[in-house]
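Just so it is clear: chains get the letters A, B, ... in the order the sequence lines come, proteins before strands, and each one is counted from 1.
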2 protein chains.
Amino acid sequence: MTSKIQLDAFDVKILQELQIDGGLSNQELAEKIGLSASPCLRRVKILEENGIIEKRVTLLDRKKLGLDITAIIQIGMDRHTPKKFEVFEAQLKTYEEVIECYLITGQDADYTIKVVVPDMEAYQEFLLNHITTIPGVSSVTSSFVMRRVVDTGALPLKYVK
Amino acid sequence: MTSKIQLDAFDVKILQELQIDGGLSNQELAEKIGLSASPCLRRVKILEENGIIEKRVTLLDRKKLGLDITAIIQIGMDRHTPKKFEVFEAQLKTYEEVIECYLITGQDADYTIKVVVPDMEAYQEFLLNHITTIPGVSSVTSSFVMRRVVDTGALPLKYVK
DNA sequence: CTTAAATTGGCATTTATTATCAAATTTTGT
DNA sequence: ACAAAATTTGATAATAAATGCCAATTTAAG
């Protein structure tokens, strides 16, 4: 990692727009930020090349897909050795139901994971047959999402200078 | 809400691909799923119209933008009245730093929120001047993300039939 | 204030998206 | 199991967008 990438007001505007709506065409984007199509596209390409734009994804409606349960699970490990963590993480990555997994600081838990399943039966199945069977897992505490108040992953670009 | 939307194997393939890479052109997508361009595009349009495809977003690199701190905060409320929750949620939605906020079931916390800021100074500032000043907030517990092991929001489509 | 470097906007070209429709496939009813 | 009806496909053509090029403008440097 070398020098910081310098962004001007146009770049930030581009990121702001694309972060909210990744489906914008280059022409629409250009109009929104106040540039013509060619320099706008050039900038987007550069932002992709230097990795500031990481990837584009499509968000789906969980309810309409019958995925009615979102759970947040706190997981504690019995021994804090690199090997234990490595095994745990490798195993977790193989589960499609796990849409997030963070190693965190803090009191009781070592990991917070977010799991999506269609119903409680599937949840129980997943917990008993997958999570609790990973060696090293010593505590598991489930919470369930009742309402998603905010769920944009949109970063606060006001801090970017 | 009426009948369940019926998806066939092509639809699920489309969702699977777009969920991983929302930047695919229609032609690339068509090739991947094994259809020609026109029916592929028609299917995508239908999936957008009926809301199964919710939106497209662009993910940015936090590190490269200087947003080095991701915090997960558990928040408890003093009174569990609809009004208190309403006020809290309305206030939270105004903070750019809050990229997620869930109302959850469970023991100590009522909300789990995810916050992104550049550094600890900004974090402290945010916590003291924004979170703790919202009326009704009675407990606040912070964890910090040390490693993002998994962070695709990709839903488990294996359950979709 | 002059010169050099970088960035823009318009245009031409290539490529992709989108509408149309006949052919093929699947579904339905008997 | 078969024929008719309804969908869905793939090819083509027309429209629109992305991309490369370059002269003109803007910005930065001396």
Ring pair (Phe, Tyr, Trp, His ring centres under 6.0 Å) partner of His130(A), the single match among Tyr123(A), Phe88(A), Tyr95(A): Tyr95(A)
Fellow cluster residues of Val145(B), listed by chain then number, with links counted only when side-chain atoms sit under 4.5 Å apart: Tyr102(A), Ile104(A), Ile72(B)
Of the listed nucleotides ([options]), which one gets closest to any side-chain atom of [X]?
X	options	value
Gln27(A)	dT18(C), dT9(D), dA17(D)	dA17(D)
Ala37(A)	dT19(D), dT18(C), dG10(D)	dT19(D)
Ser25(B)	dA16(C), dT8(C), dG10(D)	dA16(C)
Phe10(A)	dG9(C), dT12(D), dT8(C)	dT8(C)

Short side-chain N/O contact to dT8(C) OP1/OP2 from Arg43(A), under 4.0 Å: yes
Side-chain N,O (Lys45(A)) to OP1/OP2 (dA18(D)) below 4.0 Å: no
Rounded distance (Å) that lies between atom [atom2] of [N] and atom [atom1] of [X]:
X	N	atom1	atom2	value
Ile33(A)	dT7(C)	CD1	P	14 Å
Leu47(B)	dT8(D)	CG	P	12 Å
Asp8(A)	dA28(D)	CG	C1'	14 Å
Leu29(B)	dT18(C)	CG	C1'	15 Å
Gln6(B)	dT26(C)	CD	P	17 Å
Glu31(A)	dA16(D)	CD	P	15 Å
Leu24(A)	dA18(D)	CG	P	10 Å
Leu35(B)	dT7(D)	CG	P	19 Å

Which residue lies more 5' along DNA chain D, comparing Arg42(A) with Asn26(A) via nearest heavy atoms: Asn26(A)
Note: [X]-[Y] ion pair, threshold 4.0 Å (strictly below):
X	Y	value
Lys63(B)	Glu54(A)	no
Arg43(B)	Asp11(B)	yes
Lys158(B)	Glu97(A)	yes

Distance-only donor-acceptor test (3.5 Å): side chain Ser36(A), base dG10(C): no
